Amino acid sequence: MAHLQLTPLAGGRGDEMEEVALLGNSYDDEEAAGAGPEEGMRRVQVRVTGMTCSACTGAVEAAVSARRGVRGVAVSLLQSRARVVFDPVLAKTEDIIGAIEDAGFEAELLPDSTVSQPKPQNTLSGQFRIGGMTCAACVNSVEGILKKLPGVKRAVVALATSLGEVEYDPSVISKDEIVQAIEDTGFEATFLQSSEQDKVLLGLTGLHTEIDVDILHDILNKMEGLLQFNVNLALSEAEIVFDLEVVGLRSIVDTIETESSGRLKAHVQNPYIRAASNDAEEASKMLHLLRSSLFLSIPVFFMRMVCPRVHFMRSLLLMHCGPFHIGDLLKWILVSIVQFGVGKRFYIAAYRALRHGSTNMDVLVVLGTTASYVYSVCALLYGAFTGFHPPIYFETSAMIITFVLFGKYLEVLAKGRTSDAIKKLVELVPATALLLLKDKEGKYAAEKEIDASLIQPGDVLKVLPGSKVPADGIVVWGTSHVDESMVTGESAPISKELSSIVIGGTMNLHGILHIQATKVRSGTVLSQIISLVETAQMSKAPIQKFADYVAGIFVPIVVTLSLVTFIAWFLCGSLGAYPNSWVTETSNCFVFSLMFSISVVVIACPCALGLATPTAVMVATGVGANHGVLVKGGDALERAQNVKYVIFDKTGTLTQGKATVTSTKIFSGIDLGEFLTLVASAEASSEHPLAKAIMDYAFHFHFFGKLPSSKDDIKKRKQEIFSQWLLEVADFAALPGKGVQCLINGKKILVGNRTLITENGINIPEEAESFLVDLELNAKTGVLVAYDSELIGLMGMTDPLKREAVVVVEGLKKMGIYPVMVTGDNWRTAHAVAKEVGIEDVRAEVMPAGKADIIRSLQKDGSVVAMVGDGINDSPALAAADVGMAIGAGTDIAIEAADYVLVRNNLEDVITAIDLSRKTFSRIRWNYFFAMAYNVVAIPVAAGALFPFTGLQMPPWLAGACMAFSSVSVVCSSLWLRRYRKPRLTTLLQITVE
């Protein structure tokens, strides 16, 4: 105990607003990179500059994967980003950066990747200093008190070090309450640190000199709760690791400003704003290069195409300057600047690619422009020293580089549009919030405007009408309606009152609300959605493998075709296979063949193939998020297009999940009140929806009211409710798919279905059987109650269908999909519900584990099966299905087992998810067709296949223009998905509305 260590504890599933692991299988082959780092692993994000096509991403992946200790790597061409999971014992971040740079690309470790977000935990480990202990009896006394506290899981106290380590649930008990409990036993207690650590990157205004850095160091060293910090003077940033239980982020920022007397001001760096500025910087850099190239290339083009037709200009350009014409000399100078100044980036990228045995678009550009430039220089020198002036084509290389840069600039702009969904989500978060401040008496007496990024859990915030909710929280005062459409896709405003949950980024419409923040920064629903969408956009759809394969062999094939073109035309010309009239008087067979060869190299475009899939997936995931349909990756998007079966759970999926008791029948001498008390007592510990309905019914019978819906209210009134009417229960057990059993007054009570009763050897009277069958035939569920080995009563319950269930099922049939209903309910009820909703294939009396077996049986013939469930009880089935859809997730959008998370509790989103997948991959196939067709048609045309018949020859500069616009057209094609609209059921079902 002398060296007491704090270790973060893995948490389980929390309450309604508690996150779970967010990112599921989001990557293609690199499962480790997608599923999140394993224990002991570290994940970083690296910005990779210089990638142009799929061959580049493959080169980066290969280089990083080859490093020792790397467990997974995923590279996104569109986001210019790589995510790497590695063992920090075997590899360092410097090794990752070095591997990427060795592969020929620039690499920069992204700040947000080094900033670990706080992990959702149900249990924290806290360290306390305890003074006044003198012997083992003192230790036992403190440990005994601590272990009795609600929410404390474990407590260990060491006499030698006067330290205590306590594992506790912060949602049940706070560190201050633990300190108070220790002090109440007669000892002194001080909280030291906890396992809840966070990292933050702060931007600093006023950090200019080493003196400023020293001042900041002094301030941070004196601050309690700071575990580590690193100051970067060049970037005016500080990375800080701190203990959330000791110090808050707002306190850190305020202390820096106060202690420096206003000299230094800190603000939280937003990684998304930083990424946007990087994108803008890249576009600005590309625009600068384009302007420079245009400024130098237009005069060259003008001297080539216009000046020879103007006598004065022609005479001027033909004047001699030594052995050279002035016009040729000017073109040489201008084009050299374009070739080696503006075009330097192409040479660097091509060299890096070739050095590592890979090829990309830059190699083709360099080959084409260099061939044209070198020939022109040789021709110029030959003419200067021999007097015979062969044609020169300086304008070819200059115009090729200009058009390629123009295409790249448009591509950067277009690719930026594909991530608009994330930008819009980021913009939902308000910049500031109104913090309510308490006076000495604990009343809210003032308000203060603060940066929204500095909100801390527990803060009470004021939300005015027409303003956005700054963080996830619970309403503690006021009533209003909130528009949640921007987050959940739910169009109708949601009523909010005391204890209602609110989501950060949503719009308060009418009344004033006071909310208590529960989740901030990375813990909010909006942050989780952004993270999920971002990860999905980085993932690769399996169809992308085709483009990666083609990209790997594309450039060598094109270079080979270019050489074949040159040799074929040159040999044919040398052998007189075509008339001399095809070659102009100022040209020759070599130049004639060379122009065709250069055109082939320049017109070929591997970029269009590489952009076909990721741009479409990027747009589709963003569009889906706008409609409340969250896709966890390109692989899920691809599988959903081929769905043949959609399996629905009944309760809470096809039905509203709001069961009500419709009838009660007693078969013994007890009265109704006593019967309901027995049943409610047995069901009080159950989480099943039917149990909640029984509790409501019984409570209403006794007190003519409704049970509180808020969990907080239930906790407050639980003891009161128990003392008033519920009986003491022993040996409670929930039996999945059957019901519950327990002991009341020493006698066994069973509440559940027919199976539970018969398995316990209890006879069901004929009267009860008849009543039960009648309920089941009317699509109601019968709940049987046995007490002391005798059936004492029966309750009839119904769960109404969702209003859209019937039309959604019919809509799926119209789409060629077979709906299947799987339920643990009895056959009669299941068939009655299925008949009402229009489903022919019904599987009833299925245990939760049996749903996965049904899915596997449907998958045997290769069919793609989708499962629609609530994501909690249906997790095994969601995981077993090819496409798992968690519906009605609401604020819990992080369900691991699901491939799709449908935020709204609306079945229409099932059709939206499948339809979006089909539209996306229809667009991807069109992109591939265009990219392939472009190269299949363009390369032969550039090679001169039509020249013998039409006399049309494609100049290399025009070939460069075609290549530049081909990739832009593919990105624009993907952007067309932004116009996606959800399918209207009336159209799908061909219903005419009068």
Side-chain angles (χ1 to χ4, degrees), residues 6 42-49 81 88 91-98 100-101 106-118 192-194 196-282 284-285 431-432 448-456 520-522:
L6 292 174
R42 185 184 176 195
R43 181 169 68 187
V44 296
Q45 292 188 51
V46 182
R47 183 177 180 84
V48 185
T49 306
R81 186 178 300 182
K92 306 298 180 187
T93 53
E94 292 78 8
D95 299 331
I96 308 299
I97 299 294
I100 296 173
E101 290 178 344
E106 296 177 14
E108 174 194 359
L109 193 67
L110 291 178
D112 56 315
S113 66
T114 62
V115 179
S116 64
Q117 304 297 355
L192 297 179
Q193 63 175 334
S194 79
E196 182 76 335
Q197 298 177 2
D198 194 9
K199 285 185 182 180
V200 67
L201 187 70
L202 297 179
L204 292 155
T205 304
L207 192 71
H208 304 302
T209 65
E210 290 293 340
I211 296 175
D212 298 326
V213 173
D214 293 337
I215 292 172
L216 182 60
H217 275 167
D218 291 340
I219 295 171
L220 297 178
N221 281 323
K222 294 176 184 176
M223 206 178 300
E224 292 185 1
L226 266 59
L227 307 177
Q228 181 184 339
F229 58 85
N230 180 40
V231 180
N232 188 323
L233 177 60
L235 297 176
S236 297
E237 292 175 347
E239 181 184 297
I240 299 175
V241 183
F242 61 99
D243 190 331
L244 283 171
E245 290 287 284
V246 178
V247 63
L249 180 57
R250 188 166 66 247
S251 301
I252 295 173
V253 171
D254 291 344
T255 302
I256 290 173
E257 183 173 351
T258 304
E259 293 297 318
S260 67
S261 303
R263 182 171 181 170
L264 300 175
K265 291 186 178 181
H267 59 274
V268 179
Q269 291 277 44
N270 188 321
Y272 298 103
I273 293 176
R274 187 188 182 98
S277 65
N278 286 334
D279 292 340
E281 184 181 340
E282 183 182 354
S284 176
K285 189 184 298 182
T432 60
K448 176 184 177 183
E449 188 174 37
I450 63 170
D451 190 327
S453 61
L454 300 180
I455 298 172
Q456 298 173 173
V520 298
R521 300 179 62 217
S522 63

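Only a predicted model underlies this, so the values are computations on that prediction, with no experimental measurement involved.
Pairing each heavy atom of Arg263 with each of Ile215, the nearest pair is NH1-CD1, 3.4 Å. The two residues Thr255 and Met223 come nearest to each other via the heavy atoms CG2-CE, 3.4 Å. Closest heavy-atom contact between Ala266 and Leu202: CB-CD1, 4.2 Å. Ala107 approaches Val46 most closely through the heavy-atom pair CB-CG1, 3.8 Å. The two residues Asp451 and Ala431 have their closest heavy-atom pair at OD1-O, 3.4 Å.
Looking only at distances, no side-chain donor or acceptor of Asp254 sits under 3.5 Å from a matching main-chain atom of Ser251. Under the 3.5 Å distance criterion, the side-chain polar atoms of Gln456 are matched with a main-chain donor or acceptor of Arg250.
When side chains are defined from C-beta on, Arg42 counts as touching Thr93, because their heavy atoms get closer than 4.5 Å. Using a 4.5 Å heavy-atom threshold, the side chains of Asn232 and Leu207 count as separate.
The distance from atom CG of Asp95 to atom CD1 of Ile100, rounded to the nearest 0.5 Å, is 11.5 Å. Taking CG of Leu204 as the start and NZ of Lys265 as the end, the distance is 12.5 Å to the nearest 0.5 Å. Atom CG of Asn221 sits about 9.5 Å away from atom CG of Leu216, to the nearest 0.5 Å. To the nearest 0.5 angstrom, Leu220 atom CG is 5.0 Å from Ile256 atom CD1. We find the NE2-CD distance between His267 and Glu257 to be 12.5 Å, quoted to the nearest 0.5 Å. Atom CD of Glu94 is separated from atom CG of Leu109 by 8.5 Å, given to the nearest 0.5 angstrom.
One side chain, Thr209 or Asp212, offers a donor N or O that lies under 3.5 Å from an acceptor on the other.
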*Start with the C-alpha gap between Thr49 and Glu108, add the side-chain angles, then the distance that decides, and say whether side chain to side chain contact (heavy atoms under 4.5 Å, CB included) holds.*
CA-CA 8 Å; Thr49 306; Glu108 174 194 359; over 6 Å; no
